[in-house]
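Read the structure below first, then the notes.
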2 protein chains.
Amino acid sequence: MNNKEKLRNAGLRPTKQRMIVANILLDGFNRHFTAENLQDEIYTSGNSMSIATVYNCLKKFKNCGLIKQVETSKDTAIFDTNTDYHHHFLNEETGELIDIENEEISLHKLPEIPQGYLNNGIEVIIKLKRQN
Amino acid sequence: MNNKEKLRNAGLRPTKQRMIVANILLDGFNRHFTAENLQDEIYTSGNSMSIATVYNCLKKFKNCGLIKQVETSKDTAIFDTNTDYHHHFLNEETGELIDIENEEISLHKLPEIPQGYLNNGIEVIIKLKRQN
DNA sequence: CAAGTAGTTTAGAACGGTTTTAAAGTAAAA
DNA sequence: TTTTACTTTAAAACCGTTCTAAACTACTTG
Ligand SMILES: [Mn+2]
Ligand SMILES: [Mn+2]
Ligand SMILES: [Zn+2]
Ligand SMILES: [Zn+2]
């Protein structure tokens, strides 16, 4: 399925801008990135896009599940092209994230979900500090 | 141990402002709160404090382990008076956090920590959505 | 105790990431 | 083709947080 089809499939109009973003993000190589990182890549690819559009795109892509946002308290939002269920190491000093594949971790015994709610995803973050 | 001693013990001068904050936060009842929540409580208690001081205090209290900051991608920092090792349910709609005690969850099989780094804390977040 | 000094508080400005505004442009539907 | 709904954009606004620099306070030393 090509990127145009992926956008259509997700219920998004394949505009020029969304195609530029899709061509960068959905290239098969997973990455963690900020809105600014993405805008830089867009420039590098010979295109340009207002920062408002970058944010609009990311919100749409996220809402339809083409990308995820990582749960971290850094002041800049971090997005993830890896939409599989997985977890992260977080280097708190640098903000760098490293994927932990689902098989590398196992949660035994989960707490009871509060009345009236559903489990909508579990995120495990293992914070790292440099040795010494 | 009284709050003045707790501050001294943590290497912090027990200034008037830090005592006001300690008297609110270290009252034995755990809570999740923002800087603004705390400033409101300070006003309610009949005192006042500049927002810069509220942030200065929170940073100091956090750095010496009197409080924690929760790992969440909400745009406002959320602090926690519960410094025990524990985890959270996150209602993504409202931002509300609910504690998960350490005994209620168990991580079996942890991934290998990358070379040169140490595990500096694990945080599990179970995102909740309302049923229906 | 008094004097010195290192740390703290503060109002206000600055900062930086993100969202809003409103007008022009584009994609899809009729 | 015409109409309609959606999208893009530059610029401004927004808002949580940090910085600045001057006044103040806690602690140390004599
Ligand atoms: Mn923040
Ligand atoms: Mn954020
Ligand atoms: Zn990832
Ligand atoms: Zn908690």
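Worth saying up front: this structure is predicted, and the values here are computed from it rather than measured. Just so we're on the same page: letters track the sequence lines, and every chain starts at 1.
At the phosphate of C:dT9, neither OP1 nor OP2 sits under 4.0 Å from any side-chain N or O atom of B:Thr53. For the OP1/OP2 pair of D:dC24 and a distance below 4.0 Å, the side-chain nitrogens and oxygens of B:Lys16 include no atom meeting the criterion. In this structure, B:Gln17 does not reach the D:dT25 phosphate: none of its side-chain N or O atoms is under 4.0 Å from OP1 or OP2. Within the 4.0 Å cut-off from OP1 or OP2 of C:dT26, not a single side-chain nitrogen or oxygen of A:Arg13 is found. The side chain of A:Lys60 places an N or O atom within less than 4.0 Å of a non-bridging phosphate oxygen (OP1 or OP2) of D:dT7.
Rounded to a whole Å, the CD1 atom of A:Ile42 is 13 Å from the C1' atom of D:dT8. Taking atom CD1 of residue A:Ile78 and atom P of nucleotide C:dG16, one finds them 17 Å apart after rounding to whole Å. The distance from atom CZ of B:Arg18 to atom C1' of C:dT10 is 14 Å, rounded to the nearest whole Å. Protein atom CG of B:Leu12 is 12 Å distant from nucleotide atom C1' of C:dT8, rounded to whole Å. The distance from atom CG of B:Asn63 to atom P of D:dT18 is 11 Å, rounded to the nearest whole Å. With rounding to whole Å, A:Ile20 atom CD1 is found 10 Å from D:dT8 atom P. Straight-line distance from the CE atom of B:Met49 to the C1' atom of C:dT9: 10 Å, rounded to whole Å. Between the CZ atom of B:Phe33 and the P atom of D:dG16 there is a distance of 16 Å, rounded to whole Å.
A donor and an acceptor atom, one from each side chain of B:Asn82 and B:His32, are nowhere located under 3.5 Å apart. Counted by atom type alone, B:Asn37 and B:Thr34 present one or more donor-acceptor pairs between their side chains at under 3.5 Å.
Of the residues near DNA chain D, B:Tyr55 and B:Pro14, the one whose nearest nucleotide (by heavy atom distance) lies more toward the 5' end is B:Tyr55. Residues A:Ile51 and B:Thr34 both approach DNA chain D. Their nearest nucleotides, taken by heavy-atom distance, put A:Ile51 toward the 5′ side.
Here A:Thr15 lies in heavy-atom contact (under 4.0 Å) with sugar-phosphate atoms only.
Between B:His87 and B:Tyr85, the ring centre distance stays below 6.0 Å.
Here the shortest heavy-atom pairing between A:Arg31 and A:Thr81 reads N-OG1, 2.8 Å.
Note: A:Ile67 CD1 to A:Lys62 NZ = 8.5 Å, rounded to the nearest 0.5 Å.
Distance from the side chain of A:Thr76 is smallest to C:dG17 among C:dG17, D:dG16, D:dT9. Listed candidates were C:dA11, D:dA11, C:dT8. Nearest to the side chain of B:Ala52 is C:dA11.
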